[in-house]
Amino acid sequence: FTTPSNFTTTLLLFSPTKPPSIMANDCVFVSLDVTESYNGSCGKNKWKYYIGHSGFSYGGMCPNNCGKVTVSMGTNDTFRPNEDDVPCPGCGEEIEIEEAILVDCSCTVKYRFQYQSKKDLQTEYHKVHGKDANGHKKYKRIGGRDQYGRIKWRNYHELRFIAKSK
């Protein structure tokens with residue numbers, strides 16, 4: 001087999017868990033699905049590093065053996081999952097972000113999906129404070145997994161979380 005001189009080979013590398021994205025002049029990236037959110041209360045779970053931190057946190061699976069983890073990012077700042085470094089609290093290896101978790105804070109989410117123009121920037125507001133009847137802190141989880149355990153991804157042109165302490 002010989003390759004013609006005008007033949008070009010393109011190698012595409014895809015993450016084993018994230019679907020591929022089309023790159024354009026207006027960069028497209030894959031991140032957690034902000035249209036999915038759940039309310040709950042912090043409590044005991046089987047994961048050592050999956051903790052309900054006050055403020056804004058990212059959650060995901062450690063690529064090593066630490067299991068499901070949360071990484072506290074704080075408040076009074078802007079967070080961008082496609083740009084933020086999020087090391088596992090157990091081993092320091094970078095986690096793949098699959099959810100944002102809010103505890104005792106408010107958060108503005110600004111996003112624009114793939115194929116939406118800049119004028120279509122959408123905004124959602126979330127506020128989570130207080131405790132449930134058992135004295136556990138309330139939380140809001142944005143993103144996560146579906147009923148089959150698959151991470152819910154979306155393609156974005158823009159995504160940012162603006163977290164405030166109260």
State the [atom1]-[atom2] distance between [X] and [Y], to the nearest 0.5 angstrom.
X: Y139; Y: S37; atom1: OH; atom2: OG; answer: 11.5 Å
X: S106; Y: K164; atom1: OG; atom2: NZ; answer: 7.5 Å
X: N134; Y: C42; atom1: CG; atom2: SG; answer: 12.5 Å
X: N64; Y: C91; atom1: CG; atom2: SG; answer: 4.0 Å
X: Y38; Y: I142; atom1: OH; atom2: CD1; answer: 11.5 Å
X: Y58; Y: I95; atom1: OH; atom2: CD1; answer: 9.5 Å

Parallel, tilted or perpendicular, as decided by the 30° and 60° cut-offs, for the rings of F29 and Y156: parallel
Parallel, tilted or perpendicular: rings of F161 and F56 (30°, 60°): tilted
Donor-acceptor contacts, no H, no angles, side chain residues 120-130, under 3.5 Å, sequence neighbours left out:
residue, atom, partner, partner atom, Å
D120, OD2, S117, N, 3.2
D120, OD2, S117, OG, 3.1
Q122, OE1, Y111, OH, 3.3
Q122, NE2, Q116, OE1, 3.3
T123, OG1, K110, NZ, 3.4
E124, OE1, H126, NE2, 3.4
E124, OE2, Y111, OH, 2.9
H126, ND1, K140, NZ, 3.4

Donor-acceptor side-chain pairing of T35 and K152 below 3.5 angstrom: no
Derivation of the side-chain contact (heavy atoms from CB on, under 4.5 Å) call for V30 and R154: CA-CA 6 Å; V30 177; R154 292 295 293 260; over 6 Å; no
Kindly give the heavy-atom pair with the smallest separation between [X] and [Y], and that separation in Å.
X: S41; Y: D132; value: OG-OD2, 2.8 Å
X: N82; Y: L159; value: OD1-O, 4.3 Å
X: S57; Y: S72; value: OG-CA, 3.6 Å
X: N65; Y: C62; value: N-SG, 4.2 Å
X: K137; Y: S54; value: NZ-OG, 2.8 Å
X: G55; Y: T75; value: CA-CG2, 3.3 Å

Partner of I101 by side-chain contact (heavy atoms from CB on, under 4.5 Å), out of M73, H53, R141: R141
Is the closest side-chain heavy-atom distance between [X] and [Y] below 4.5 Å?
X: K68; Y: E99; answer: yes
X: V71; Y: C88; answer: no
X: K138; Y: V103; answer: no
X: V69; Y: M61; answer: no

Transitive ILVMFWY side-chain link F113 to L32, under 4.5 Å: yes
Under 3.5 Å donor-acceptor, D84 side chain and V86 backbone: no
